[in-house]
Amino acid sequence: MNRGLNTFVDLSKIALKMAEYNFSGIQQRWQKYWEENNIYKVDIDPDKPKYYVLDMFPYPSGAGLHVGHPLGYIATDILSRFKRLKGYNVLHPMGFDSFGLPAEQYAIQTGQHPAVTTEANISRYKEQLRELGFSYDWEREIRTSDPSYYKWTQWIFKKLFNSWYNLDTDRAEHIDNLIKEFSENGNGTVNAHADEDIDLFDQKDWAEFSEKQKAEILQKYRLTYLSETSVNWCPALGTVLSNDEVKDGFSERGGHPVVKKLMPQWSMRITAYADRLLSGLDTIDWPEPIKEMQRNWIGKSVGAEMSFQVDGHDADIKVFTTRIDTIYGVTFLVLAPESELVKKITTEDKRSEVDAYVTEAVNRSERERMSDVKHVTGAFTGAYAINPFNQERVPIWIADYVLAGYGTGAVMAVPSGDQRDYDFAKHFNLPITPVYDNMNIEEAADPTKEGKMINSGVLNGLGYKDATEKAITYLIENKMGERKINFRLRDAIFGRQRYWGEPFPVYFKEGVPELIDDSKLPVVLPEVDKYLPTEDGEPPLARAEDWKYEGEYDYEWTTMPGWAGSSWYFFRYMDPANQETFASREALKYWKSVDLYTGGSEHATGHLLYSRFWTKFLYDLGYIEVEEYADKLINQGMIQGRSNFAYRVNGENKYVSKGLRSQFETTPIHVDVNIVKDDVMDIDAFRKFRPDAVQAEFLLEDGKYHCGWEVEKMSKSKYNVVNPDDLVQKYGADTLRMYEMFLGPIEQSKPWNTNGIEGVFKFLKRLHTLFFNNGKVSISDEAPSKKELKIIHGLLKKIEEDVTSLSLNTSVSSFMIAVNEFTSLKCNKREILQPLVIAIAPFAPYLAEELWHVLGNEGSVVMATYPEFDERYLQEDIFEYPVSVNGKMRVKIKYPIDKPIPEIQRDVLENDVIKKWLDGKSPKKIIVVPQRIINLVV
RNA sequence: GCGGAUGUGGCGAAAUUGGUAGACGCACUAGACUUAGGAUCUAGCGCCGCGAGGCAUGGGGGUUCGAGUCCCUCCAUCCGCACCA
């Protein structure tokens, strides 16, 4: 008897177990299945439309992924899987931006080779990514630090070196065209985007130049070139930083001071592409803030450049202005203190004062100069310039508000129209001449373009537009100046004094840089004894023993910057194993460009600009099909940390719950967020977390210890890091995926908060339960009801719209609503469950795969076809017209959808409820908005 | 200073783009089933009011029969750029 009973109990337990949502078993089962069957492998398939979804590849840091990283990856994975179900051939790769500073600094500290740490970090990342069920084709994985990859980064560098920018054709061309032109006609006929200081020479001169001279001249034209450049040198890091790696005079990483220093540097002539980088923004669907940042960074301004003679000297001062119309308002000129003219024109009586000012200005660090914007300083040189329009003598000053690096390093000051000039004039008591009749310059400068010109000689009486045109025409006719467009964008520094980066494919022969032949690529990163600069301050690569080209010539010792490898990786994914070229023509033609690119907005003026530049360059050379590589960009928001706090009473070993802390003097103490749930702390876990609290007393509210919270950066020291692995362990990958989407719109930055993940978990359990009854699979083949059909087709429609527009948070809600309804309808009908499983497959791939098989299907749900929704099921035949009286909503009246509006209006008046409200009066007007509302105005 | 974004319950958020604000979820409250509940289910849940009702989308104003949504203005928070002539 006993025995039998036990057996019975056990059986029922086993049966119930089958019906349980055992996510970890499901995960293991399908992970294995996907990998064994190579489910996510992608190849070119001309019969299918392509779709390319890309995430910015991560730098594999030692800390592993935290819960913020996968946000974008989950969204793109959902879209990829959805597009696959819709019949697209989807390219959805992943790789690693594996060169970078942290691995190198770790190497400096420990002697561990960066390749080793990088490899270990990548394995960890890959394991974490695998758990989350992403549908990457891992055969396409790339790593920027892999020689088979950076071979092609070096190859592109060579192409840039061998190119110049022809402004007549408005594209990059091979340097040989230029050399040919030089030997035939000299450089007088060449219209290139090149250095400013190139002397004219003819074909004869060219023939007579030495090889070294020729090389030096060509450097001034090449798209990547070596030059003495003022760079941001960070002594603490021992390296050069780009402008976007410097924040307020300190390095972005580490916050070390940065100084200006002249060094021979490799640069990229990105300025050649300034105009195209700007206009290209109009052709791509990128977030407006990103485009705006890039526009500001490029900083195009249209105006004129003109010369002022220096009185009594054989010299002139070139100025750039966007307001040539105000030329008669010029009452002084200002030079940057660094200007070479300063020495020449300063009069004896002013010399000591000017020298002192120059010395001070040059020595002031960038930081000081920037923090001191409001303070007006300057010095008079004693010299005068002549305004070519009215021959007036105007004093020449120097001041550090004029930047040597922008325009000509000199400005014509119009204090009536420009606030900085105005402040300067007021401070040094210089005249202020209004040039428009309606200018108000009592308190401040008036940059108006309205009104008619006054005090302006030949321009008097004209408006802004006419005055500008007339002035420019005058300049050009008298050969005093020209139309000019200036950009704020500077050429990009391309070298780093570091070890862990791509070596250049360059060696030096008699001081001249020469390229290494394609057949000898890649130039592999050599081994060094230490990852530090040499005693002479040479970069780490100078330490490499026997590292000479052909045993004789020095290689370039700097390495490429972090953005080199990331500027073209999206093309390598198309054909990652190719040994012959960076990607085959066939692959480039088929995949074309990235349809959707996601990543953080912090790369706006870095990676996202440089990669557009390289794309345009490769396009000019005819290697690729597109001029922009990413058609649409989404910025996923940053996930901040949400720290929890306990409140310790000062001087006592006593902690009080949040609501009681006002009664005590307390200090907030970080609590590990992983021992807090819904802001209620697990006290036992806290005693373990803080051993000094073992004996502590806790003052509770309603028997609970409530923690406070604050948004902070996610970091170990704040104990607010939430690790995706732990959540996958506890709830499964499907829950985590859906919860991350449920959290809110992906573009939005927000603190991570695990409160609420249970809701998603319960939902998946309920979905799972739908397929079972009393522990047994229970699927009915009965025809679905109209109501059920309406729910499922409404859902299919909603999900399709949401996924297309990436509003994935509302999709999750829609799934919950649908599943709740099916649960309360006890709906277990195949015709309903089958499309439901396919629809949810992009979101919860593991569970969907499991249920797909519970339904008795073969193969993988990945191969299924997304079900078409049928509008017919969604149509209402009765519409509830809300009726409003005097703008207040009063009642709803049901009418068939196709009832004519005049009939409805008549009916409304006869409705008893309405009659009562109208109270005998007749409405002034009845408005019936089709399909919406009926409005009576009394 | 310039440019951009955001502002809705205790919390994360919805709102068919001008049509019953707060869907969905969390937390909370009550109840059911339970030896138990950190499982499950049912109901309630913006604020004021016993109620009818009134008030509510950062503040103020406007357009409209009707505004979270459009216009003006102010405030707050976040991000980017920062003497760019």
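Given the structure is predicted, the values throughout are model-derived calculations rather than measurements. A note on names: the letters A, B, ... follow the listed sequences, proteins ahead of strands, and every chain is numbered from 1.
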Next item on the list: Determine which bases of RNA chain B form Watson-Crick or G-U wobble pairs with both distances under 3.5 Å, and write the result as a 5' to 3' dot-bracket string with | for other-strand partners.
Entry: (((((((..(((......[....))).(((((.......))))).(((....)))..(((((..]....))))))))))))....

Notebook entry, point to check: Where along residues 317-327 of chain A does a heavy atom fall under 4.0 Å from RNA chain B?
Noted result: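 Within residues 317-327 of chain A, the residues near RNA chain B are A/Phe320, A/Thr321, A/Thr322.
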
With sequence neighbours excluded, what pairs up with [X] under the side chain to side chain donor-acceptor pair (under 3.5 Å) test?
X	answer
A/Asn674	A/Asp672
A/Gln419	A/Asp423
A/Asn828	A/Ser778

Checklist line | Any residue meeting salt bridge (charged side-chain N to carboxylate O under 4.0 Å, His left out) with A/Asp275, in chain and number order, not counting sequence neighbours | finding: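 A/Lys300.
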
Checklist line | Which residues share a salt bridge (charged side-chain N to carboxylate O under 4.0 Å, His left out) with A/Glu871, sequence neighbours left out | finding: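 Per chain and number, A/Glu871 pairs via salt bridge (charged side-chain N to carboxylate O under 4.0 Å, His left out) with A/Lys797.
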
Notebook entry, point to check: To the nearest Å, how far apart are A/Met816 CE and B/G12 C1'?
Noted result: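 Taking atom C1' of B/G12 as the reference, CE of A/Met816 is at 12 Å.
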
Checklist line | Phosphate OP1/OP2 of B/G25 contacted by A/Asn820 side-chain N/O (<4.0 Å) | finding: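 Looking at the OP1 and OP2 atoms of B/G25, one of them is under 4.0 Å from a side-chain N or O of A/Asn820.
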
Notebook entry, point to check: Under 4.0 Å between a side-chain N/O of A/Lys750 and OP1 or OP2 of B/A13, yes or no?
Noted result: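 The answer is no; no side-chain N or O of A/Lys750 sits under 4.0 Å from OP1 or OP2.
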
Notebook entry, point to check: Using a cut-off of 4.0 Å between protein heavy atoms and nucleotide atoms, how would you tag nucleotides 1-9 of chain B 5' to 3' with B, S and -?
Noted result: --SS-----

Notebook entry, point to check: Got a sec, which residues hit ring pair (Phe, Tyr, Trp, His ring centres under 6.0 Å) with A/Tyr436, two or more places apart in sequence or on another chain?
Noted result: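 Result, ring pair (Phe, Tyr, Trp, His ring centres under 6.0 Å) vs A/Tyr436: none returned.
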
Item checked: For A/His793, ring pair (Phe, Tyr, Trp, His ring centres under 6.0 Å) partners two or more places apart ->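 Per chain and number, A/His793 pairs via ring pair (Phe, Tyr, Trp, His ring centres under 6.0 Å) with A/Tyr873.
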
Note to self: Listing request: all salt bridge (Lys or Arg N to Asp or Glu O under 4.0 Å) pairs with a residue in residues 799-821 of chain A, at least two apart in sequence or in separate chains.
What the structure shows: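 Only A/Lys86-A/Glu800, A/Lys798-A/Asp802 qualify under salt bridge (Lys or Arg N to Asp or Glu O under 4.0 Å).
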
Check: In chain order, what residues pass the side chain to side chain contact (heavy atoms under 4.5 Å, CB included) check against A/Asp316, with sequence neighbours excluded?
Finding: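 Checked A/Asp316 against side chain to side chain contact (heavy atoms under 4.5 Å, CB included); matches are A/Ser307, A/Gln309.
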
Notebook entry, point to check: What is the nucleic acid contact for A/Arg766, judged by heavy atoms within less than 4.0 Å: base, sugar-phosphate only, or nothing?
Noted result: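 Since only primed, P, OP1 and OP2 atoms lie under 4.0 Å of A/Arg766, the category is sugar-phosphate.
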
